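See below for the structure under consideration.
Because the structure is predicted, anything quoted here is derived from the model rather than measured. Hydrogens, waters and symmetry mates are skipped; everything else that's a heavy atom, side chains included, is used.
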Amino acid sequence: MTTPTTPSPSDSTAPREPSVFEIYFPQKLSGHRATIFVASFPPILYLWPSIVWLLLASCLQALGMSPHLVGWFTVLIVTFNLIVFVQDFDQKQFLILVLVLLAALLGVWILQLYGITFISSFASWLVSFSPHISTHALLIMGVMMLLLFIWGMLTPLLDYWRFEQNEFVHYTQPLGRDMSIPRMGCTVFKDIPDIFESILSFGGGSLVIRKDQQILATIPHVPFLGLRMRHIEHMLSETRVVIEKE
């Protein structure tokens, strides 16, 4: 009589029990990964700097920080955050943006050397504005955005992908399996449509499944995608063999 061998708990090559909560952060495990969970997050993921600042600013202002400084920091941080939703900067566009900003700073410095002061006068006039925001308004906006953020972070638990060696399965709860893509002949790669989104999602991007030059599925807004790709590539590069003992 033959029975399949059962891997011992201490066996580092034994498949690890997966958890759907790994959609938030990929657990670092040595050995083989039987399953990897991936999910697309809503764009509110990228608003975490504004949420953190609004809550922090309400505390700082209540403790006596200048409302003038708090107001300006709020304007700058929220404006930067909204750029993510206005324009996608791929690697080439991001490099161009950096070069344009450096050229603009160099131009301002050269104008100052020649005694042309209209730019500094404009800057002084702009800084003279006083965008005061009440402590209560900062706190209310921060709490409301935080509640929406939590709501958005829970939705991927109802819509996620399960990557295995033989197939990639899309689940939508409470219905269960929604779509299955056979692994054979497919390639999986990381795409970064926007540098700012990648930075704010800690190396995130879009996970693309392609077969015969045809894109079968795209999973956008995946946080920590750089870490996940290591697990996915390692899993797909292995061949698992079941050995039976007599």
Side-chain angles (χ1 to χ4, degrees), residues 7-46 48-49 84 88-95 149 152-172 177-243:
S8 63
S10 60
D11 186 1
S12 62
T13 62
R16 307 292 182 172
E17 186 65 25
S19 170
V20 69
F21 289 99
E22 287 193 16
I23 61 174
Y24 297 107
F25 186 80
Q27 187 177 1
K28 186 177 181 181
L29 295 173
S30 60
H32 176 67
R33 296 296 304 271
T35 300
I36 297 172
F37 287 96
V38 177
S40 175
F41 282 69
I44 198 172
L45 166 70
Y46 306 117
W48 67 263
V84 176
D88 286 340
F89 290 92
D90 58 23
Q91 296 181 12
K92 181 179 178 180
Q93 292 173 329
F94 180 76
L95 180 59
F149 183 84
M153 293 302 100
L154 292 177
T155 56
L157 290 172
L158 306 177
D159 188 340
Y160 56 87
W161 286 79
R162 180 175 174 137
F163 280 68
E164 300 176 353
Q165 280 189 313
N166 296 325
E167 63 178 348
F168 311 135
V169 185
H170 180 229
Y171 289 86
T172 55
R177 291 171 67 105
D178 176 61
M179 178 177 66
S180 176
I181 300 176
R183 161 74 179 94
M184 186 64 65
C186 289
T187 57
V188 179
F189 64 93
K190 174 183 177 181
D191 181 38
I192 302 179
D194 183 62
I195 295 295
F196 290 119
E197 289 182 2
S198 181
I199 294 172
L200 293 176
S201 57
F202 306 98
S206 298
L207 190 62
V208 182
I209 304 173
R210 185 169 62 186
K211 182 177 182 181
D212 299 329
Q213 304 303 317
Q214 179 183 1
I215 295 177
L216 302 182
T218 300
I219 311 171
H221 313 307
V222 181
F224 302 102
L225 185 54
L227 295 177
R228 299 179 197 278
M229 288 302 298
R230 299 176 190 174
H231 295 312
I232 293 174
E233 291 169 356
H234 184 259
M235 180 188 72
L236 298 181
S237 66
E238 290 185 336
T239 301
R240 304 298 292 175
V241 179
V242 178
I243 301 176

Is there a side-chain contact between [X] and [Y] (heavy atoms, below 4.5 Å)?
X	Y	value
F168	W161	yes
L45	M153	yes
I215	I209	no
L158	T172	no

Has the side chain of [X] got a donor or acceptor atom that lies under 3.5 Å from a matching backbone atom of [Y]?
X	Y	result
R183	C186	yes
D88	P193	no
W48	L200	yes
Q93	D90	yes
R228	P223	yes

field: From CA spacing to verdict: side-chain contact (heavy atoms from CB on, under 4.5 Å), I23, L157
entry: CA-CA 8 Å; I23 61 174; L157 290 172; 3.6 Å; yes
Between [X] and [Y], which heavy-atom pair has the shortest distance, and what is it?
X	Y	result
G204	K190	O-CE, 4.0 Å
A39	V222	O-CG2, 3.6 Å
G152	I44	CA-CG2, 4.3 Å
F37	S19	CD1-O, 3.2 Å
L225	G205	CD2-C, 3.6 Å

- request: Decide yes or no on side-chain contact (heavy atoms from CB on, under 4.5 Å) for F163 and V188, but give the supporting numbers first.
  value: CA-CA 10 Å; F163 280 68; V188 179; 4.2 Å; yes
field: Test side-chain contact (heavy atoms from CB on, under 4.5 Å) applied to R162 and V20, step by step
entry: CA-CA 9 Å; R162 180 175 174 137; V20 69; over 6 Å; no
With sequence neighbours excluded, residues passing side chain to side chain donor-acceptor pair (under 3.5 Å) with [X]:
X	result
E167	R177, S180
D178	H170
Y171	none

From [X] [atom1] over to [Y] [atom2], what is the distance, rounded to the nearest 0.5 angstrom?
X	Y	atom1	atom2	value
E22	I36	CD	CD1	8.0 Å
L216	M179	CG	CE	8.0 Å
M184	N166	CE	CG	8.0 Å
I199	Y46	CD1	OH	11.5 Å

- request: Could you name each residue pair satisfying salt bridge (Lys or Arg N to Asp or Glu O under 4.0 Å) that touches residues 35-46, not counting sequence neighbours?
  value: none
query: Mind checking whether F21 and Y24 have parallel, tilted or perpendicular rings, split at 30° and 60°?
result: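 If you compare the ring of F21 with that of Y24, the planes turn out parallel.
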field: Contacts of type ring-ring contact (aromatic ring centres under 6.0 Å, His included), residue F94, not counting sequence neighbours
entry: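 Listed in chain order: F196.
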task: Check ring-ring contact (aromatic ring centres under 6.0 Å, His included) between F224 and all other residues, then give those that pass, not counting sequence neighbours.
output: F25, F202
message: Just to verify, what does S40 make a side-chain contact (heavy atoms from CB on, under 4.5 Å) with, not counting sequence neighbours?
response: I219, P220, H221
query: For L95, which residues count as a side-chain contact (heavy atoms from CB on, under 4.5 Å) partner, sequence neighbours excluded?
result: L99
- request: Name all pairs fulfilling the side chain to side chain donor-acceptor pair (under 3.5 Å) condition that reach into residues 199-218, sequence neighbours left out, sorted by first residue then second.
  value: none
- request: Please test L207 against D191 for side-chain contact (heavy atoms from CB on, under 4.5 Å), starting from the C-alpha separation and ending with a verdict.
  value: CA-CA 6 Å; L207 190 62; D191 181 38; over 6 Å; no
